[in-house]
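Beneath this line is the structure, given in structure tokens, with notes to follow.
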Amino acid sequence: MPCTAPILELDDLVIVDPPIDMPTPIEYFMKYFNNTFFENVAFNTNVYAVQNNSSNFKPTSATEIKSLIAIQMIMGCLKYPKKEMYWTRRYRVNIIADTMTKNRFFSLRQHIHLVNNLDIPKNNKDKFVKVRPIYDTLNIRCQQLPVERNLSVDEQIVPFKGKLTVKQYMKGKPNPWGIKIFLLCGESGIVYNMILYQGMTTNINEELQKNFGLGGAIVVSLTQNISENRHFLYFDNFFSSYNLFYALLQKKIYAAGTVRLNRFFQPPMMTDKEISNLGRGTSFEITSKLGISLLKWYDNKPINMGSNFITSGTPEYVKRWDKKNKEFVHIERPEVIKLYNKSMGGVDKHDQLVSYYRMHMKSKKWTLRMIFHAFDMAVANCWLEYINDANVLKIPKNRQLALLDFKSSLAEEYILVGRPTPPRKRGRPSSASPSVSNVDIYDISPKCAKSLEFRPLLAVSQDQTSHYPKYDEKKEATRCKENKCTELVVSVSVMSLKDFQITSLLTEWDKSEDEFEYSEDENDFDGNETQNAYIENVSNVEFIDINKLPVEIANTNSELVSIPFSYDIVEPCSSTAIVDDNINNIAINQNIFSSTNTCIPRVKVQKPANLKWKKGNLITNNISLVHNPVTLPTNILNFDSPLAFFSYFFTDELFEKIKNESELYSTQKNPNKPYSVSVIELKRYVGICLYASVLHVPNVRDYWSDQLGFPQIYEVMSQKRFEQIRQFLHFNNNETMLPKDHENNDRLHKIRPLVDYLNAKFSSIPFRRDLAIDEQLCATKAKNYLKQYLPMKPHKWGYKLYVLSDSKGFSYKFKIYTGQENQERFRLQNEQDLGSSANVVIRLTREVPTNENYRVYFDNYYTTVPLMTALYQKGILSIGTVRRNRIPNCKLPDEKNFKKQIRGTSYEYITSHKGAPLSNVVWKDNKLVTLMSTYCGVEPKSSIERYEKKTKKKNND
């Protein structure tokens, strides 16, 4: 029977008298962590230093601990890539550098402790005992806050990827790996209660877990202090159960949430298939005798909801997009769905506020991450309290502090309040010695000219402008050589960059992102490879072309089967770039800035259907895989500065093209107000963008602000000019763009010249032997039909790029996804239609030299038999993971039965297609891995170390 919504008469909420005067940020924060708390932290930190025999550690105080926390808050707002930069003369932040030295900062952070390690009992079961004091203190204050009407329970993840037994993985969270905390939050995002999850030893009553399960017990524990008949509660299907809804109804807490039907004693609900056949907007509901209701509603997919007070209620109509008819339609939505969507996001909102200016750090110590996360949570709660009080006192929104201003003001108050002002020196005041009480506390100007001398970069000092002459060995200062200049200038001595070669760039970055240790310095990893590492050691080895050798395939009878190589050499079409002998410049011609190609249409290649697989091993003689490496050109090896490397790719010719197109666009937009820009201004604009990518501030305009601004930016270009250049920045003529319905319309017309030019410059660098093709996302959430969603990428929304890179990370070519990849006009002569994903691989490997044993690796999105055959016929070897439905006549063991094999088991099947040897391998690791290759198989095997969860030991497979 349908649920009849009861008439609820809720009691009034507890009202707290608002403050007469608006409290300061530090007054809000002191309600969470008072002076006694910081004195205990200072005491336990000193005790730990003594226990650790840290003889160089100077005892700390509560004031210094406050300064440490305040510095971390400021760092969370500024987000420099390296902590040491806050003390360097170029990026110095006075309020940090004047408050604490760099060595003292790292020493305090290393020794900070909340408890005495000797006081921890031997039979301790609390895995968070080292951070328990700070979370207990935080939770006490949270439970004292007046509670809102609408509440929600959900999980929060404290980001941490180090080794920790209680570390959890939650797919779908912004930070999937970390420490889980269950929160009770209001609709505004204020936290009212929390429980730290630590597995079986989580602080929850065992009887509650037996009656409600883990999720239900969490909800009951978090709502113990919630008053009756005053609140609505929402949670997801991890927590919901029939017993939980009934128990909350007995306490007059009105709850609703998504549910799992297997927790409701086989309710007579419609199946997903039945309700989907009835169409979008259909709902079905049932109610038990005890007043617990279930509802199934079909939107894009079926949604199951449970409630103890309402289901359909008063439905409303909402607008949805119909993919089939390509139009918006209105469907009916039950009231419980509306209430759930409105009030369920409290925990997510709090998590969002914390993530904006998180006290970020790279450390292996989970205690540091948990300690500073507790302060972040307190700051978010304080700001939400401040907003509530400001609204009660009717303070205009434009006079209310934003979260950034609130947190930075709190940090400043913690550092400056109660701090004695330095004694005033007699005599004439010096501008080189600013006071700590100066308003411009974020000024990065040098503290004193002698110790913080600002010296220009090598390229700047040698440009012969603005009194930066070339370096000479004269001992005395000389006059400037510019006409009509009488200024006295001195020779500038800077660090030599002769050892900074492109080979070091290509050889040092040998580790993947996952292999970096948690360190503050990006140079901590081993990067001692030399310039000669770029050239592989193949001396005294005679190069033998692979197309002159057979491939030996060993079958199960240990017999060698010879498959001759048969190459169909594909003659490449005319290049779109003119490359000279020294690879200095790439001339821009009409082909570079045009998307029209004369291509011959080809019939799509049919899938091979008669492949005969047999057990065996694909064995290729190592001498037949010898690769002749190509050295870098001499002119590139002689580059001695980052600017020289960058200018090789972004040449004056390209900037001149951008200048002309930008001015043309401004004329097209408004002929009465033409816009003019110079190449030098464009270079400065790009330089500011590069600078901003290193030093992050909350808003772009903050680079020109009084507090967060940087002279390297605001002294070079005004904010208005920067935004004007950004407004008119263009790379192509809009008038030459074809209509959208035209068959030759190029969706990348506006940036096509830039894409083609950079591709030509990137591919002019000699290729390495091992190449890889994969997707990359240019992160954005803007509305655009080219935007894609890749759930496993760090940034899930953005423009998708297909990139050809080597094992060191250098990209030789890229293609931007437009949905037009499979059109005939993008295929050159003699290129067959292998399918959209395989066609991308063919286009990316056009410039890879043929018949020189280059190897290409890709994943199962690209791998097909026709693709690997086509690459092999060009003399390019390949390996890729493969989907089984792309293997014709697949004879690999059934996945269900193969999973029962021991870890490390592998099978191999071999065949030949159009002269190309194919090896198909399946291997069991944590899960099954299926690969296809044209030059190697299972043999020779090697052992690797793996962790076994059952035995909790590392084994060699």
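Below, each value reflects all heavy atoms present in this structure, side chains not excepted, and no hydrogens, waters or symmetry copies.
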Please tabulate, for side-chain N and O atoms in residues 773-786, each donor-acceptor pair with protein atoms closer than 3.5 Å (sequence neighbours left out).
unit_1, atom_1, unit_2, atom_2, d
E775, OE2, Y862, OH, 3.4
T780, OG1, A782, N, 3.1
N784, OD1, L786, N, 2.8

Classify the angle between the aromatic ring planes of [X] and [Y] as parallel (below 30°), tilted (30 to 60°) or perpendicular (above 60°).
X	Y	result
F235	F245	tilted
F406	Y386	tilted
W177	Y169	tilted
Y242	F265	perpendicular

Intermediate values then yes/no, ring pair (Phe, Tyr, Trp, His ring centres under 6.0 Å), F375 and F33: CA-CA 9 Å; F375 288 118; F33 304 106; 5.0 Å; yes
Should we count [atom1] of [X] as having more than 12 external heavy atoms under 6.0 Å?
X	atom1	result
H795	NE2	no
K79	NZ	yes
K167	NZ	yes
K787	NZ	yes

Look up atom [atom1] in [X] and atom [atom2] in [Y], then write down how far apart they are to the nearest 0.5 Å.
X	Y	atom1	atom2	result
L244	F239	CG	CZ	10.0 Å
L339	M305	CG	CE	9.0 Å
S343	K338	OG	NZ	10.5 Å
M269	T271	CE	OG1	10.5 Å
L368	Q72	CG	CD	8.5 Å
E187	K349	CD	NZ	8.0 Å

Counting distance only, does the side-chain N/O of [X] pair as donor-acceptor with the main-chain N or O of [Y] below 3.5 Å?
X	Y	answer
S363	K365	yes
R149	R230	yes
D376	V354	no
N860	T881	no
K83	K362	no
S837	Y861	yes
N193	L222	yes
E148	S188	yes
R263	N237	yes

Cation-pi geometry met for K296 and F264 (6.0 Å, 45°): no
Test: K342 cationic atom under 6.0 Å from F232 six-membered ring centre, within 45° of axis: no
Worked verdict on K924 versus F898 for side-chain contact (heavy atoms from CB on, under 4.5 Å): CA-CA 8 Å; K924 183 184 178 183; F898 190 69; 3.8 Å; yes
Residue pair [X] / [Y], side-chain heavy-atom distance below 4.5 Å:
X	Y	answer
M75	Y80	no
Y254	N308	yes
V166	K180	no
I337	D299	no
V347	V153	no
R260	F238	yes
V697	C77	no
I134	M370	no

F128 ring center within less than 6.0 Å of Y135 ring center: no
Do you know the tightest heavy-atom contact between [X] and [Y]?
X	Y	answer
G189	C185	O-SG, 4.1 Å
V259	G306	CG1-N, 3.5 Å
P133	L114	CG-O, 4.1 Å
G257	Y340	CA-CE1, 3.8 Å
M344	D236	CE-N, 3.8 Å
Y192	P146	CE2-O, 3.3 Å

Residues R884, E895: salt bridge by 4.0 Å N-O rule: yes
Residue pair H231, T223: steps toward the side-chain contact (heavy atoms from CB on, under 4.5 Å) verdict: CA-CA 10 Å; H231 303 285; T223 57; over 6 Å; no
Evaluation steps, side-chain contact (heavy atoms from CB on, under 4.5 Å), between S312 and L295: CA-CA 8 Å; S312 292; L295 177 139; 3.5 Å; yes
F309 and S293: CA distance, side-chain angles, deciding distance, side-chain contact (heavy atoms from CB on, under 4.5 Å) verdict: CA-CA 8 Å; F309 73 101; S293 303; over 6 Å; no
